[in-house]
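Working notes, structure below.
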There are 2 protein chains.
Amino acid sequence: MANGEQVMRNKQVLLRDYVTGFPKESDMQLSTTGTITLKLPQGSTGVLVKNFYLSCDPYIRTQMTKPLSDAPSSFLTFTPGSPITGYGVAKVLESADARFKQGDLVWGFTGWEEYTVINATHIESLFKIENTDVPLSYYTGILGMPGMTAYAGFYEVCSPKKGETVYISAASGAVGQLVGQFAKLSGCYVVGSAGTKEKVDLLKNKFGFDEAFNYKEEPNLDAALKRYFPEGIDIYFENVGGKMLDAVLLNMRFRGRIAVCGMISQYNLEKPEGVQNLMSLIYKEVRIQGFGVLNYYHLYEKFLEMVLPAIKEGKITYVEDVVEGLESAPSALIGLFTGRNVGKQVVVVSRE
Amino acid sequence: MANGEQVMRNKQVLLRDYVTGFPKESDMQLSTTGTITLKLPQGSTGVLVKNFYLSCDPYIRTQMTKPLSDAPSSFLTFTPGSPITGYGVAKVLESADARFKQGDLVWGFTGWEEYTVINATHIESLFKIENTDVPLSYYTGILGMPGMTAYAGFYEVCSPKKGETVYISAASGAVGQLVGQFAKLSGCYVVGSAGTKEKVDLLKNKFGFDEAFNYKEEPNLDAALKRYFPEGIDIYFENVGGKMLDAVLLNMRFRGRIAVCGMISQYNLEKPEGVQNLMSLIYKEVRIQGFGVLNYYHLYEKFLEMVLPAIKEGKITYVEDVVEGLESAPSALIGLFTGRNVGKQVVVVSRE
């Protein structure tokens, strides 16, 4: 190899083929035979990184589906045979972009592999990590995309007021646990739902929710919501969709707001469930607003100014579910859809 | 009768019983035997009126359903055996409220009968008619509740910008025909749908829509919308719900807005259709906002300042479907749900 260029093994997690229905480990493939030359390709304007932490997020499932002919152009999907891509924390080995230099720690879109060349498009949402006196893995969670999602969705989309009632589904997840804590800091009454007793305990005892319940033990979601919100819900932070949304619609208050962050209950269905109670919107003047974090990253500095001190002062806490090694990534991703993870699901590729 | 109090026949249209499914004429009953003493009852703080025009509106159907135990308190229903109530134009015969006097022309909530005592609650949404150089029946439509609905829904809820694309369902109806004309005045591209060729012609040739189509002739609503909105829809004014909303969701543009005014396709169903494409909200950051006109009447004077000159200058036109006599009211109301009316459905009770 000329000029001493180093050739390294590059383990990867590839998408085998488009997924239909519930994802299986066999939909992905661990490739251990690939190599990479640790140098940016000739003419690249990208950044070569070594990956440390990868983020398992429910939205990844939506990119494993064969795109419909009428899909909006903003709807990205993976390519079978190529590595899964997603958020991660990495170290810059070489940079052709003046904003990054060798040795920088960064978070943003990277690949499910040991080394990645991040191209010019994805550099636009690559952030340099300036604060390293917190766990680096936090940049896949509370200090990364899920944190910004919680912040933008709660403060920008829901316009919370002190004393309002807030309901969060999938409340112990990467985003939900933060929305609940933000809502408490804003003086709201906060109830969350999750799918195990352990998670319900976390919500009440660790994250300080006023109430929490196990939705799997509720034969009637409408009745459960009426129990916790006798006066109705002002703000619903929507992470699950389907039947839960239908029950929530019956319990919204006048001029309530629903921020639609995700609909995890729907991602594995070939045909989404129908939502029937949309007429509730009319009489109660409810607003439902979809949002994507990509359009709120201009608020990232402002977000850090709020959340970094809150972490250091112990006013906000964060629970991660960390698994070791790229080999564990497929099952960790699938675990999101059975609710196996407790807190933010992180995969460690390397610690240095 | 003491003091020369006049006793008059008072024909009424009564609700026979709560309605399930599609309403029938036999769900209502014309009573021709009742009488009324033309004097406010002792201690009344209301207004006695003679009704001239009654307004047939789709929302009336929702008040004919037996209220569910979990219905919001704002959800009003009629009482079997009592007259239907709704918007109308009337003349004040006697008033115990200082804001109205004998001889005033008014519009607001009244009864489906010849004479009505409007009680104190309903007086709060009773408007004195100051401008009589337009057809009085317009106060059931363009200058009344439907006009304010179109105005509030389009300008306040949808925040239109010049050059945006606007789609309106039930577009030749009391509200839709106005939304389309407001959107043209705002410099938008406007497409409407309706259920007959006659209505489609009206939309294009009388109301100045850019395009219009008969939804009953479209086997695939998604394909129809893609034909008229190759670049997608910025604003959807929702009057019908169900399948139409599902097709629209697939065709909304980034940060598009949906004002939910009504869902006429759902009012006669025991169980509403499920809407499946709500995941479109997330990627496209679409906002769906329900609204009710009752909370926008503070804008009525501002609205009149815009719309009265526009009517007189011929910049806005309005089509009414007028039937004669209280006897015709039940079939006129039912006709809304088969699309029999062409334009705003009005019932004449008396012309003076």
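The chains referred to below are lettered A, B, ... by the order of the sequence lines, with proteins before strands, and numbering in each begins at 1. Not measured: the values here are computed from a predicted model.
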Item to check | Minimal non-hydrogen separation, A:Q289 against B:E285, with atom names | outcome: NE2-O, 3.6 Å
Item to check | Interface moiety of B:I258 toward chain A, non-hydrogen atoms closer than 4.5 Å | outcome: neither
Checklist entry - Which atoms of A:N295 come close to chain B, meaning under 4.5 Å heavy atom to heavy atom: side chain ones, backbone ones, both, or neither? => result both
Item to check | side-chain contact (heavy atoms from CB on, under 4.5 Å) partners of A:E217, counting only residues at least two apart | outcome: A:N214
Item to check | Engaged part of A:V286 at the chain B interface, taking heavy atoms whose separation is under 4.5 Å | outcome: backbone
Next on the checklist: Restricting to ring-ring contact (aromatic ring centres under 6.0 Å, His included), what partner residues turn up for B:Y296, sequence neighbours left out?
Outcome noted: none
Next on the checklist: Applying side-chain hydrogen bond (donor to acceptor under 3.5 Å, both in side chains) as the test, list every pair that has at least one member in residues 167-176 of chain B; sequence neighbours left out.
Outcome noted: B:Y167-B:S193, B:S169-B:Y236
Checklist entry - For chain A, which residues of residues 271-282 of chain B have at least one non-hydrogen atom nearer than 4.5 Å to it? => result B:K271, B:P272, B:E273, B:G274, B:V275, B:Q276, B:L278, B:M279, B:L281, B:I282
Next on the checklist: Which one wins on heavy-atom pair count under 4.5 Å against chain B: A:D246, A:I288, A:V260?
Outcome noted: A:I288
Checklist entry - Relative to chain B, which segment of A:L294 carries a heavy atom at a distance below 4.5 Å: side chain, backbone, both, or neither? => result neither
Checklist entry - Is it the backbone or the side chain of A:F254 that comes under 4.5 Å from a heavy atom of chain B, or both, or neither? => result side chain
Checklist entry - In terms of heavy-atom proximity below 4.5 Å to chain A, should B:R255 be classed as side chain, backbone, both, or neither? => result side chain
